[in-house]
> 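Before we start, here is the structure in question, set down as structure tokens.
This is a predicted model, so every value here is computed, not measured.
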There are 2 protein chains.
Amino acid sequence: MAMLMIGELARRTGVKVNTIRFYEDIALMPKAARTDSGRRTYSEADVKRLSFIRNGRDLGFSTEELKSLIALSEHPDLDCGAAAGIARRHLLAVEARLSRLMLMRWELERVAANCEGGRMADCQVIGAIADAPSH
Amino acid sequence: MAMLMIGELARRTGVKVNTIRFYEDIALMPKAARTDSGRRTYSEADVKRLSFIRNGRDLGFSTEELKSLIALSEHPDLDCGAAAGIARRHLLAVEARLSRLMLMRWELERVAANCEGGRMADCQVIGAIADAPSH
DNA sequence: AATACATCCTCCAGTCACTGGAGGATCAAG
DNA sequence: CTTGATCCTCCAGTGACTGGAGGATGTATT
């Protein structure tokens with residue numbers, strides 16, 4: 001399979017070159033294989049893993065959480081009560097986020113529509129978001 | 001109206017005392033009035049504002065964005081095309097987040113249910129989340 | 001073969017948004 | 001009048017990047 005350089009991996013995943021190196025430092029990404037001249041090389045599996053990390057980070061998972069999720073999925077022969085536990089814990093957080101995000105969307109839609117060219121005397125963004133449930 | 005001390009404000013909003021002081025430093029919260037002995041006092045309006053900030057931060061708005069949203073909502077006599085602009089920009093981001101979060105929830109539900117007491121040979125968290133659309 | 005330019009390397013300082021702690025003052029209750 | 005909670009300021013540390021200096025390597029062109 002075709003090996004890619006760090007720049008190509010960056011382009012494919014939307015993760016910056018420096019950030020990829022940083023992820024290697026903190027062991028979120030494995031130590032990349034190198035060419036004779038010392039350049040990092042990556043495979044398709046790395047594209048997947050990094051895409052997962054990117055999405056996970058964007059959704060609010062910490063690097064440590066992502067590490068544990070990845071570690072678990074890399075040992076499919078182990079019992080996965082732990083994975084289920086992690087999953088359930090995250091499920092709660094994800095659900096809370098979902099409901100607040102939906103409220104936020106609703107309010108943003110209202111603001112974008114109502115304020116159109118007008119005044120914002122009744123702009124309730126802050127009121128609405130302030131009252132949103134906190135986890 | 002009853003004035004509250006910083007600790008009470010922290011309890012009511014879920015924002016840490018140190019963080020409230022930090023928000024004052026960066027002017028995300030206004031300079032609090034002080035008692036004779038120098039302690040900060042807050043009102044119900046501050047509870048609202050800080051709750052808004054807390055939720056906004058949690059939903060991925062930067063402190064600068066929150067500042068501009070608050071500034072806009074505090075000048076309801078001004079035209080609010082700007083507010084609508086901010087709203088629309090965030091709407092896109094919020095929608096992307098929503099769809100990825102829903103996928104994440106789906107996958108976490110599957111993991112939590114399927115793995116129960118078993119093995120996780122087909123645990124697809126990473127595969128599923130890696131393929132999720134990015135912004 | 002020489003030049004040009006992109007891309008890679010390491011190392012390090014800076015940013016954002018907190019977080020926690022030291023060291024000390026203030027206040028409310030017993 | 002002491003104890004304990006809460007407050008104050010100041011400052012160092014953390015997590016997760018981000019950007020740049022200074023230098024090596026790879027590729028394409030003349």
> Sequence neighbours excluded, which residues qualify as side chain to side chain donor-acceptor pair (under 3.5 Å) partners of A:E95?
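With sequence neighbours excluded, A:E95 shows a side chain to side chain donor-acceptor pair (under 3.5 Å) to no residue whatsoever.
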> Please report the C-alpha distance between A:Y42 and A:V47 in whole Å, then the side-chain angles of each, then the deciding distance to 0.1 Å, and finally whether the side chain to side chain contact (heavy atoms under 4.5 Å, CB included) criterion is met.
CA-CA 8 Å; A:Y42 298 94; A:V47 177; over 6 Å; no
> Listed in order of residue number, which residues of residues 29-42 of chain B have a non-hydrogen atom at under 4.0 Å from DNA chain D?
B:R34, B:G38, B:R39, B:R40
> Once side chain to side chain donor-acceptor pair (under 3.5 Å) is applied, do any residues pair with B:R105, and if so which ones, sequence neighbours excluded?
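Testing B:R105 for side chain to side chain donor-acceptor pair (under 3.5 Å), a comparison that skips the adjacent residues, returns none.
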> Going 5' to 3' along DNA chain D, which are the first and last nucleotides with any atom under 4.0 Å from a heavy atom of chain B?
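With heavy atoms of chain B under 4.0 Å away, the range is D:dT6 to D:dT9.
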> Indicate whether OP1 or OP2 belonging to C:dA17 is found under 4.0 Å from a side-chain N or O atom of B:T63.
yes
> Can you tell me the distance, in whole Å, between the CZ atom of B:R54 and the C1' atom of C:dC18?
13 Å
> Distance check needed: C:dT15 P versus A:N18 CG, whole Å only.
16 Å
> Reading DNA chain D 5' to 3', what string of ( ), [ ], | and . shows its pairs, if Watson-Crick and G-U wobble pairs count only when both distances fall under 3.5 Å?
||||||||||||||||||||||||||||||
> Would you say A:T35 and A:T41 make side-chain contact, with heavy atoms under 4.5 Å?
yes
> For A:I20 and C:dT7, give me the distance from atom CD1 to atom C1', rounded to whole Å.
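Distance check: A:I20 CD1 to C:dT7 C1' gives 13 Å.
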> Report yes if some heavy atom in the side chain of A:L66 is under 4.5 Å from a heavy atom in the side chain of A:F52; otherwise report no.
yes
> Using a cut-off of 4.0 Å on non-hydrogen atoms, how would the nucleic acid contact of B:Y23 be classed: base, sugar-phosphate, or nothing?
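Counting heavy atoms under 4.0 Å across all strands, the contact made by B:Y23 is with sugar-phosphate only.
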> B:K16: which residues meet the side chain to side chain donor-acceptor pair (under 3.5 Å) condition with it, sequence neighbours left out?
none
